[in-house]
Amino acid sequence: MITRRTFMNQSVLATCALALPRVLAAAESNTNIDGANSLQAHAHKRGLLAGCAVGAANLKDDAFTSVLAAQFGLVVAENAMKFGPIKPKPDTYFFDDADALVNFAHQHNIKVRGHNFVWHEQLPTWFKDVATKDNARKILTDHIMTVGGRYKGKMQSWDVVNEAIQVSDGRPDGLRKSPWLELIGPDYLEIAFHTAHQADPKARLTYNEYGIENDGTDDVAKCAATLDLLKRLKAANVPLHALGIQSHINVGESWGKGLRELIDGAKALGLEVYLTELDVNDKTVKETDVAAPADLADIDRIVAGVYTSYLSVALESKAVKSVLTWGLTDAHTWLAGFMRPHTTDDKQPPRPPQRPLPFDPDLKPAPAFFAMRDVFDKAPHR
Ligand code: G3I
C-alpha cells in the first residue's frame, strides 16, 4: 500500500520534475523581465508608480537589491521609519536603517515613501512610562519635526497617521482608542498633519488604513468612518493629500462597489489614492481548492487571480497613483505567521508557506508579477 507520505514524496519529486520547465521558464523569463519589461516600466506607461516595502536586512542582500532596483520605482521601509525602531530611547534616534533605504533609493533614482509617524503599534517600549497627557503633544511634534526634517525634500509621501479608525471601539467618530487619542484627544490627527507639512512641505501627506477594501460588512462600516474622517480633516483645512488603502487582501474576498465608492470619495475630496501594502493572504485556500500536492502552482494561480481581480477594480480610477506590495519576495512576507489551517486530518504534512507577493522565495517572478503587469497595461493612463 502506498502511504500518503510516500505518495507525497513521489508526487513532490514528480512535481519538481514537472515544475522544472516552469522554473527554467521562470529563470529565462527572469532575464526578460527587466528594463522595458519591468513592473515599474509597465506602471510608468500608465502614469503609475510600482513599489514595495523593504526590510532593513534586505538591503544587505545583493540578489534582492538587484531585483529591487530593476523592478520598482518607489520603496517604503517595512519597519525602519516607525516610531519604535527609529527612536528606541527617549533621547536617542537610530537612523542607520532608514538612512540606508533613503540612500539606496537616491542612488537608483527610486522614490521613497515614509511609514509612519503616528500609529498605535510599534511604539517604543519607553513610551508607556514616559508619555503623559501633559507631554504627549510635544513628544509627537518633536518626533515628526526630527524625522520629517531629516528627510525633508527626499520623500514622495509620508503615512502621517496609520490605522486611526476602529469602529468597534464605539466612538461616534469611529476613532480607535489609541494611546495618542487617550493622551492628546482627537486633535492629534490635525496636529500630526500640520506638523508633518511644516517638517517637509514637499511630501504628499497620507492617511493610511486597512480593512476598507472589500464588500464585506465590517469593511463597509470602517470604509464609511474613514471617508468621514477624511471629510473632517479636509473641512478643517488639514494638509492631507492622499488616502493610503493598505490592500492586505484575502483569497475569497470580493471587490467592487465598496472599493469604487471609497476611491471616488477620496477623489471627490481632491485626494490622491495609493495602494500602499498590497499582498494576498492565501490562508483560506483549502486542500479541496487545489490539486495537492502540486498545490504551489495552483496557489500561485489563485493568488495571481486575486491580484488581477483587485487591481482591475482599483486601477479603473485615475486617482490611484501608486501600487506598492508589502514586500518583494515571499521569503520575507509578514504573513509567514499566518499559515493556512491544516485540513481536518492533522496528520497532514505542513502546508507550504504563504505565497502573497510578486516574487517567489527564489526571487523568481511569480504569476502575481505577470498579473500585476497585465493589469497595469490595461489600466487607463493617469
Ligand atoms: O527588530 C526586532 C528584533 O531586534 C527582535 O529580535 C525581534 C524579535 O522580538 O523583533 C524585531 O522586531 C520585529 C519587526 O517586525 C522587525 O522584524 C517586531 O517584533 C515585529 O512585531 C514587527 O512586525 C511588523 C509589524 O508591522 C508590526 O506590527 C512587520 O514586520 C510589518 O510587516 C508589519 O507591517 C504592518 C504595517 O506597518 C502597517 N499595516 C499592517 C502591516 C502588517 O501588520
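Both ligands and their constituent atoms are indexed starting at 1 by order of listing.
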Requested in this report: Taking only Lys NZ, Arg NE, NH1 and NH2, and the carboxylate oxygens of Asp or Glu, determine whether R171 and D173 approach each other closer than 4.0 Å.
Outcome: yes

Query raised in the report: Side chains of N281 and Q354: donor-acceptor distance under 3.5 Å anywhere?
Result: yes

Report task. Would you check if there is a donor-acceptor pair between the side chains of N162 and Y210 at a distance under 3.5 Å? Result -> no

Query raised in the report: Should D219 and K222 count as an ion pair when the cut-off is N to O under 4.0 Å?
Result: no

Requested in this report: Please lay out, stage by stage, how K177 and D169 fare under the test salt bridge (charged side-chain N to carboxylate O under 4.0 Å, His left out).
Outcome: CA-CA 6 Å; K177 292 179 178 173; D169 280 359; over 6 Å; no

Considering only N or O atoms, set out every pair between ligand 1 and the protein closer than 3.5 Å, with distances to one decimal place.
{"unit_1": "ligand 1", "atom_1": "26 (O)", "unit_2": "K82", "atom_2": "NZ", "d": "3.1"}
{"unit_1": "ligand 1", "atom_1": "28 (O)", "unit_2": "E121", "atom_2": "OE1", "d": "2.7"}
{"unit_1": "ligand 1", "atom_1": "30 (O)", "unit_2": "E78", "atom_2": "OE2", "d": "3.4"}
{"unit_1": "ligand 1", "atom_1": "30 (O)", "unit_2": "N79", "atom_2": "ND2", "d": "3.0"}
{"unit_1": "ligand 1", "atom_1": "32 (O)", "unit_2": "E78", "atom_2": "OE2", "d": "2.5"}
{"unit_1": "ligand 1", "atom_1": "32 (O)", "unit_2": "W326", "atom_2": "NE1", "d": "2.9"}
{"unit_1": "ligand 1", "atom_1": "34 (O)", "unit_2": "W326", "atom_2": "NE1", "d": "3.2"}
{"unit_1": "ligand 1", "atom_1": "37 (O)", "unit_2": "K82", "atom_2": "NZ", "d": "2.7"}
{"unit_1": "ligand 1", "atom_1": "37 (O)", "unit_2": "H115", "atom_2": "NE2", "d": "2.7"}
{"unit_1": "ligand 1", "atom_1": "39 (N)", "unit_2": "E163", "atom_2": "OE2", "d": "3.1"}
{"unit_1": "ligand 1", "atom_1": "39 (N)", "unit_2": "Q246", "atom_2": "OE1", "d": "3.0"}
{"unit_1": "ligand 1", "atom_1": "39 (N)", "unit_2": "Q246", "atom_2": "NE2", "d": "3.4"}
{"unit_1": "ligand 1", "atom_1": "39 (N)", "unit_2": "E277", "atom_2": "OE1", "d": "2.6"}
{"unit_1": "ligand 1", "atom_1": "39 (N)", "unit_2": "E277", "atom_2": "OE2", "d": "3.4"}

Query raised in the report: Would you call D377 and R46 a salt bridge, taking side-chain N to carboxylate O under 4.0 Å as the test?
Result: no

